[in-house]
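These values consider heavy atoms only, across backbone and side chains, with no hydrogens, waters or symmetry-generated copies.
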Amino acid sequence: METLSKHSIVKYGDPILKKVVDPVKEITPELVKLTDVMLDIMHEAHGVGLAANQIALDMSLAVIGYRETVIKMFNPRIVERGGETQVYGEGCLSVPGVDGDVKRYTEVRATWTDEHGQPQDRKFSGHLARIVQHEVDHLNGIIIVNHFSMAARTLHRKQLEALQAEAKAAAKRRSPK
Ligand code: NI
């Protein structure tokens, strides 16, 4: 698909994954279209969530598609954390071939603006709570590797270095200096 090939998923080591992205000021029809493109990219990659900076866009937007739940979040924020913390082996489309234990809250409350410009305020639990935390992390420049133990980083060192080299080359192609 033409729209898909325009965007590729940026990998670990790309500076945009470390950036706190800019807020979205206005939800335009183009941005609504973009949310569907992001869902397509996410499904194609067999993911359950995708943040805009994972396709090199500096904006606070994430999509989630998990089981029957599809959510498009502009400027999402986690406003409450609760339940307990749980450790689970997590992966990320920007860090292929790597997964490791990440500690997350089992319940969160998030606010965001939906694709119709309506404010949303919702509680999540279980795996959805984990996904929301993962995506909001992305928009704050945080990825799973930042949560890993030293042992997990060491275990995946070779793959992380390979991804880093690939990402640096890709970032250079995007904005040659
Ligand atoms: Ni991710």
Item to check | Polar side-chain atom of Gln133 near backbone of Ala129 as donor-acceptor pair, under 3.5 Å | outcome: yes
Checklist entry - Do Leu139 and Val20 touch side chain to side chain, with heavy atoms closer than 4.5 Å? => result no
Checklist entry - Under a 4.0 Å N-O cut-off, is there an ion pair linking Lys25 with Asp22? => result no
Checklist entry - Run the side chain to side chain contact (heavy atoms under 4.5 Å, CB included) check on Leu57 and Leu34 step by step: do they pass? => result CA-CA 11 Å; Leu57 299 174; Leu34 175 66; 3.6 Å; yes
Next on the checklist: I'd like to check the ring-ring contact (aromatic ring centres under 6.0 Å, His included) partners of His127; sequence neighbours left out, ordered by chain and number.
Outcome noted: Tyr66, Tyr88
Next on the checklist: Before you tell me yes or no, could you show the steps for Asp137 and His147 under side chain to side chain contact (heavy atoms under 4.5 Å, CB included), namely the whole-Å CA-CA distance, both residues' side-chain angles and the distance that decides it to 0.1 Å?
Outcome noted: CA-CA 10 Å; Asp137 258 6; His147 290 279; 2.7 Å; yes
Checklist entry - Are Val48 and Leu128 joined in one hydrophobic group, where the rule is that I, L, V, M, F, W and Y side chains link up if heavy atoms are under 4.5 Å apart? => result yes
Next on the checklist: Under a 4.0 Å threshold between the charged nitrogen and the carboxylate oxygen, would Asp36 count as salt-bridged to Lys72?
Outcome noted: yes
Side-chain donor-acceptor pairs of residues 75-87 under 3.5 Å, sequence neighbours excluded:
residue, atom, partner, partner atom, Å
Asn75, OD1, Val24, N, 2.8
Asn75, ND2, Val24, O, 2.9
Glu80, OE2, Arg109, NH1, 2.6

Checklist entry - For the atom pair CE (Met42) and CG (Leu50), what is the distance rounded to the nearest 0.5 Å? => result 7.5 Å
Next on the checklist: Apply side chain to side chain contact (heavy atoms under 4.5 Å, CB included) to residues Thr111 and Arg122 and explain how you reach the verdict.
Outcome noted: CA-CA 7 Å; Thr111 63; Arg122 191 173 149 184; over 6 Å; no
Item to check | Separation of Lys18 NZ from Asn146 CG (nearest 0.5 Å) | outcome: 8.0 Å
Checklist entry - Once you round to the nearest 0.5 Å, how far does CG of Asn140 lie from NZ of Lys19? => result 11.0 Å
Next on the checklist: Can you confirm whether more than 12 heavy atoms, excluding those of Tyr105, are under 6.0 Å from its OH atom?
Outcome noted: no
Checklist entry - How close do Pro15 and Ala171 get, heavy atom to heavy atom, and via which atoms? => result CD-CB, 4.1 Å
Checklist entry - Side-chain heavy atoms under 4.5 angstrom apart, residues restricted to Ile, Leu, Val, Met, Phe, Trp, Tyr: same cluster for Val32 and Val70? => result yes
Item to check | Backbone N/O of His116 and side chain of Asp114: donor-acceptor pair under 3.5 Å | outcome: yes
Next on the checklist: If you define the side chain from C-beta out and look only at heavy atoms, does anything of Met59 sit under 4.5 Å from Leu31?
Outcome noted: yes
Next on the checklist: If hydrophobic clusters are built from ILVMFWY residues whose side chains come within less than 4.5 Å, do Leu39 and Ile9 share one?
Outcome noted: yes
Checklist entry - Run the side chain to side chain contact (heavy atoms under 4.5 Å, CB included) check on Met38 and Leu61 step by step: do they pass? => result CA-CA 10 Å; Met38 284 173 64; Leu61 161 63; 3.6 Å; yes
Checklist entry - Hey, is the main chain of Ile16 close enough, under 3.5 Å, to the side chain of Asn53 for a donor-acceptor pair? => result yes
Checklist outcome for this item: Heavy atoms of Ile27 and Gly117 approach each other most closely as CD1-CA, 4.1 Å
What donor-acceptor contacts under 3.5 angstrom involve side-chain atoms of residues 89-103, with partners at least two apart or in another chain?
residue, atom, partner, partner atom, Å
Glu90, OE1, Arg104, NE, 3.1
Glu90, OE1, Arg130, NH1, 2.6
Glu90, OE2, Arg104, NH2, 2.8
Glu90, OE2, His134, ND1, 2.6
Ser94, OG, Val10, O, 2.7
Ser94, OG, Gln54, NE2, 2.9

Checklist entry - Would you call Asp121 and Trp112 a side-chain contact if the rule is heavy atoms closer than 4.5 Å? => result no
Item to check | Heavy-atom pair with the smallest gap, counting every atom of Ala167 and Asp14 | outcome: CB-N, 3.5 Å
Item to check | Test item: Ile64 and Glu135 side chains (from C-beta on) under 4.5 Å apart, heavy atoms | outcome: yes
Next on the checklist: Any non-hydrogen side-chain atom of Gln120 less than 4.5 Å from a side-chain atom of Gln118?
Outcome noted: yes
Next on the checklist: Quick check for you: to the nearest 0.5 Å, what is the distance between Tyr12 atom OH and Ile144 atom CD1?
Outcome noted: 10.0 Å
Next on the checklist: Is there a continuous path of hydrophobic side-chain contacts, each under 4.5 Å between heavy atoms, that joins Val108 to Ile71?
Outcome noted: yes
